[in-house]
2 protein chains.
Amino acid sequence: MKSADKHNKIIRAATKVFAKKGFFNARISDIAKEAKVADGTIYLYFNNKFDILLTVFEQEIGKLVDQIKALLAEEDDPRRMIEIFIAKHLQEMKKNKNLAEVIQIELRQTNKLVRDYRNNRFSEYINIISTIIKQGQDKNVFRQDILPGIAKRAIFGALDEIARIWNLDLVSEYSMDETVQQVINIFLLGILNEPGRQYRLKVKPSRVNPRKKPEFP
Amino acid sequence: MKSADKHNKIIRAATKVFAKKGFFNARISDIAKEAKVADGTIYLYFNNKFDILLTVFEQEIGKLVDQIKALLAEEDDPRRMIEIFIAKHLQEMKKNKNLAEVIQIELRQTNKLVRDYRNNRFSEYINIISTIIKQGQDKNVFRQDILPGIAKRAIFGALDEIARIWNLDLVSEYSMDETVQQVINIFLLGILNEPGRQYRLKVKPSRVNPRKKPEFP
DNA sequence: TTCATATTAATGAATAATCATTCAGTAACC
DNA sequence: GGTTACTGAATGATTATTCATTAATATGAA
C-alpha cells in the first residue's frame with residue numbers, strides 16, 4: 001500500500017526544493033534526493049512535475065484557509081476580521097518562506113499553463129477578504145462604494161508583494177508587528193490625513209452598494 | 001555594424017514570446033523566428049537568454065519611469081501625484097499586456113538567480129511612490145505615521161496583482177476607470193467608513209515621522 | 001508457525017526529448 | 001579583398017519519464 005507518509009515526505013521535499021530553485025529549475029531527482037526516495041517512486045504518487053506543484057499549492061493554501069476561517073469564526077467585527085486576515089497571512093508567510101515562494105511561483109508560472117486544472121482553494125482563500133468586506137458594508141462599517149472584488153485583489157496583492165520582498169532575504173529593519181500594523185493602517189484608514197475634511201477625490205465614487213455587479217474575477 | 005534596429009526587433013520579439021510562454025518555456029528559436037532572424041544572430045546582440053529577459057525588463061520599466069516622471073513633474077499636490085501614478089501604471093499594464101507579463105516573470109523567477117546583475121530601474125520605479133509619500137508627509141497631507149517604504153510595497157503589490165488578473169484574460173465586468181478609481185480610493189481613504197470617529201486600530205501607530213529609519217528594501 | 005506464492009511498492013539506469021549555445025561557412029558591404 | 005554581419009545545422013548537456021528488475025509485504029495451505 002502506498003503510504004500517506006511517503007506522499008507527505010515527497011510533498012515536504014518538493015516544497016523545499018521548489019522554494020529554493022523555482023519550479024523550472026527544480027529537478028525531479030532533487031526532490032527525490034531530498035525525500036530520500038528513488039526518482040521513479042515519485043511517479044507512483046504523482047502524475048508529473050506539475051502535479052506535484054499543484055498538490056503542494058492546494059494543500060498548503062488549504063491549511064491556511066482552514067486556520068484563518070477558524071480564527072475569524074470567533075470574531076464578528078469586520079474591522080478586526082480584516083486585521084486578523086492581514087496579520088495571519090503575513091505571519092504565516094514570514095514563518096513559512098517555502099510556502100510563500102511556492103505561492104509566488106504557482107500564481108505566475110503555472111496558472112497560465114494548467115488553469116482550472118482542479119478545484120481552487122486559492123479562490124476560496126482570497127474570497128475570504130471580499131466576504132469580510134461585504135459583511136462590513138452590511139453593517140455600515142465599511143464604505144459602501146468599495147467594490148469587494150477589487151479590494152480583495154488590492155489587499156492580497158499588497159500582502160503578496162511584502163512576502164515577496166521578505167523572500168529576497170534582503171535585511172529589513174522593520175519588525176513583523178510594525179509591518180502588520182502599517183498594512184492594516186493603510187487599508188483601513190488610507191494614507192490621507194483627515195480625509196473627510198480636506199480632500200475630494202478627483203473622480204468621485206459613483207455607485208453605491210454595487211453588490212449586483214459581478215465580482216472582479 | 002550591428003544595427004540598433006535589429007536589436008530592437010529582437011527585444012520586441014522576445015517581449016512577445018516571453019509574455020506568451022513564460023521565460024522558461026520560451027525557446028530561443030521562438031524568439032528568432034518571431035524576429036525573423038537566425039538563432040545565432042541573437043547571440044550577436046545578447047549574451048544569453050537571461051540577458052534578453054533582463055534587457056527587456058530594464059528597458060520597458062525605464063520607459064515607464066520616464067513617462068511617469070514627466071507626468072508627475074507637472075503636478076505638486078501629492079494626492080494627485082498618487083492618483084497619477086496609480087492610473088498610469090494600470091493604464092499601461094492594460095495597454096501592454098506583454099510588459100505586464102514580463103514584469104511578473106522577471107520579479108519572481110529570475111530575481112532569485114541573477115540578482116543585482118545590473119542597475120535596477122525597477123527600484124527607481126517603485127521609489128517614485130515612496131518619494132511622493134514623503135513629500136505628502138512634509139506637506140502634512142499624508143498621515144505622518146505611514147512608513148513610505150512599506151506603503152510603496154503595498155501600493156505596487158496591489159497594482160501588480162490587478163494586472164496579473166487582467167492577464168489571465170478572465171473577463172472582468174469592471175471598466176478600467178472604475179478600477180483605477182477604486183484603487184485610488186482605497187489607498188487614499190481606506191475602506192473604513194468615517195475612520196476618525198468610529199474606530200481605533202487595535203494597535204495604534206507608534207512612531208511619528210519615522211524618516212530616520214531605513215526604508216523597507 | 002512456516003514456507004511458497006502472489007501482490008504491491010520501490011528502485012534507478014536507460015530512454016528519448018528538448019534546447020541553449022557554438023562555429024564553420026556564407027553573404028553583404030565598404 | 002577585407003571586414004563585418006548573419007546563418008542555421010551540429011553539438012553537448014540536461015532531465016522528465018519509463019520500465020525491467022528487485023524488495024517488501026500479504027496471503028493462505030499445510
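Here is how names work: the chains are called A, B, and so on, in the same order as the sequence lines, proteins then strands, and each is numbered from 1.
B:Leu44 has its CG atom 12 Å from the C1' atom of D:dG8, to the nearest Å. One atom, CD1 of B:Ile42, and another, C1' of D:dG8, lie 12 Å apart when rounded to the nearest Å. In this structure, NE2 of B:His7 is placed 15 Å from C1' of D:dA5, rounded to the nearest angstrom. Here D:dG8 presents its C1' atom at 13 Å from NZ of B:Lys33, a figure rounded to the nearest Å.
For the side-chain hydrogen bond (donor to acceptor under 3.5 Å, both in side chains) test, residues two or more places apart in sequence or in another chain that qualify with A:Lys69 are A:Glu124. A:Asp39 pairs by the side-chain hydrogen bond (donor to acceptor under 3.5 Å, both in side chains) definition with nothing, not counting sequence neighbours. In this structure, A:Phe142 has no ring pair (Phe, Tyr, Trp, His ring centres under 6.0 Å) partners at least two apart in sequence or on a different chain. Listed by chain and number, the residues in a salt bridge (Lys or Arg N to Asp or Glu O under 4.0 Å) with A:Arg27 are A:Asp30 (sequence neighbours excluded). Residues satisfying the side-chain hydrogen bond (donor to acceptor under 3.5 Å, both in side chains) criterion with B:Lys63, sequence neighbours excluded, are B:Glu60. With sequence neighbours excluded, the residues that form a side-chain hydrogen bond (donor to acceptor under 3.5 Å, both in side chains) with A:Lys16 are A:Glu34.
Side chains of B:Asp160 and B:Gln104: a donor on one and an acceptor on the other come within 3.5 Å.
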Kindly give the atom pairs (protein nitrogen or oxygen, nucleotide nitrogen or oxygen) under 3.5 Å for nucleotides 22-24 of chain D.
none

Polar pairs (N or O, both sides) under 3.5 Å between protein and nucleotides 19-25 of chain C?
| residue | atom | partner | partner atom | Å |
| --- | --- | --- | --- | --- |
| C:dA20 | OP1 | B:Ala26 | O | 3.2 |
| C:dA20 | OP1 | B:Lys49 | NZ | 3.0 |
| C:dA20 | OP2 | B:Ile28 | N | 2.7 |
| C:dT21 | OP2 | B:Tyr43 | OH | 2.7 |
| C:dT21 | OP2 | B:Lys49 | N | 3.2 |
| C:dT21 | O5' | B:Tyr43 | OH | 3.4 |

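For C:dA9, neither phosphate oxygen OP1 nor OP2 lies less than 4.0 angstrom from any side-chain nitrogen or oxygen of A:Tyr45. Residue B:Lys6 places none of its side-chain N or O atoms closer than 4.0 Å to OP1 or OP2 of D:dA5.
Among pairs with a residue in residues 62-93 of chain A, those fulfilling ring pair (Phe, Tyr, Trp, His ring centres under 6.0 Å) read A:Phe85-A:Tyr125, A:His89-A:Tyr125, A:His89-A:Phe156, at least two apart in sequence or across chains.
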